[in-house]
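To start, the structure itself, in structure tokens.
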Amino acid sequence: MKNYWLIKSEPTCYSIDDLKRDKKTAWGGVRNYQARNFMRDGMKVGDLVIFYHSSANPPSAVGVAKVTSPSYTDATALDPKDDHYDPKSTKENPIWMQVDVAFAEKFKNPVSISLIKANPRLKGVPVAQVGSRLSIQPLLEKHFEEICRMSK
DNA sequence: GCCAACGTTGGC
DNA sequence: GCCAACGTTGGC
């Protein structure tokens with residue numbers, strides 16, 4: 001059984017085009033326990049992920065990525081020079097994890113947050129919730145499929 | 001263990 | 001730039 005996810009990224013920081021260019025990237029720098037738990041406990045190799053541009057015009061689901069590794073230690077947390085350095089995380093006791101994700105598809109038509117909110121078949125999708133700040137969210141298969149369908 | 005203060009996220 | 005939502009921190 002495959003699981004489905006949505007991951008957010010600010011396109012000025014890392015966009016779907018960056019992922020397309022890189023083919024694959026380590027999804028590191030996540031500093032939220034709930035998001036980490038989803039990566040650590042929920043994500044499996046082969047899971048499909050909606051790539052979402054937050055703080056964009058308009059904020060939109062812009063493509064699909066695929067999980068290509070189990071979770072492993074996020075080394076940026078251990079590097080004092082890194083922006084995402086976290087002194088609470090140590091080599092002996094790392095607290096932050098990441099997975100690798102690979103580019104799968106860039107949507108022909110991005111699906112904006114207003115379209116997501118307006119679609120009754122996407123009722124309850126976390127990203128459409130008021131105040132949704134979680135950068136990694138689980139998705140139901142039918143919701144994943146519906147967003148892909150809307151992008152066609 | 002409570003809770004106020006504070007910081008961050010992210011849509012608008 | 002505003003502000004609501006909400007996670008984290010730290011004093012008690």
Side-chain angles (χ1 to χ4, degrees), chain A residues 3-22 25-43 47-67 71-101 103-140 142-152:
Chain A
N3 292 320
Y4 297 86
W5 309 93
L6 178 146
I7 59 178
K8 294 185 196 171
S9 181
E10 300 194 15
T12 52
C13 174
Y14 195 84
S15 72
I16 187 74
D17 291 317
D18 294 326
L19 182 62
K20 187 176 184 182
R21 178 198 63 216
D22 295 344
T25 196
W27 208 251
V30 174
R31 298 291 177 267
N32 171 285
Y33 286 101
Q34 226 183 323
R36 178 208 61 185
N37 292 347
F38 284 135
M39 285 199 285
R40 186 189 60 188
D41 308 330
M43 281 190 178
D47 283 358
L48 293 176
V49 178
I50 297 280
F51 198 100
Y52 178 85
H53 281 172
S54 60
S55 299
N57 280 305
S60 312
V62 291
V64 177
K66 188 188 261 194
V67 177
S71 61
Y72 59 98
T73 300
D74 181 345
T76 64
L78 308 176
D79 178 0
K81 291 187 295 299
D82 195 279
D83 283 349
H84 300 286
Y85 174 62
D86 182 354
K88 291 195 301 302
S89 190
T90 62
K91 207 168 161 195
E92 294 69 34
N93 227 334
I95 59 180
W96 301 114
M97 313 282 289
Q98 64 190 7
V99 297
D100 292 340
V101 297
F103 176 82
E105 180 193 348
K106 182 181 174 181
F107 287 158
K108 201 161 83 180
N109 305 298
V111 183
S112 70
I113 188 66
S114 56
L115 286 176
I116 291 172
K117 285 179 174 173
N119 186 339
R121 298 168 76 176
L122 293 177
K123 203 168 158 53
V125 162
V127 77
Q129 234 84 296
V130 176
S132 152
R133 300 190 311 158
L134 196 55
S135 64
I136 297 180
Q137 310 179 348
L139 275 184
L140 298 176
K142 62 176 179 177
H143 291 155
F144 175 88
E145 297 296 346
E146 178 66 11
I147 291 170
C148 290
R149 195 192 60 74
M150 292 169 77
S151 75
K152 299 283 183 276

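Proteins get letters first, then strands, A, B, ... in listed order; numbering begins at 1 in each. It should be emphasised that the depicted structure is a prediction, and the values quoted were computed from it without experimental measurement.
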Minimum heavy-atom distance A:M150-A:L122, with the two atoms named: SD-CD1, 3.7 Å
Any side-chain heavy atom of A:S112 sitting closer than 4.5 Å to one from A:S60? yes
Consider only side-chain N and O atoms of A:S89 and A:R31, and report whether a donor and an acceptor are under 3.5 Å apart. no
Does the ring center of A:W96 lie less than 6.0 Å from the ring center of A:Y72? no
Matching residue for A:F51 among A:W5, A:F144, A:W27 - test: ring-ring contact (aromatic ring centres under 6.0 Å, His included): A:W27
Contacted region of DNA chain C by chain A, from 5' end to 3' end of the hits, cut-off under 4.0 Å to heavy atoms, spans C:dA5 to C:dT9
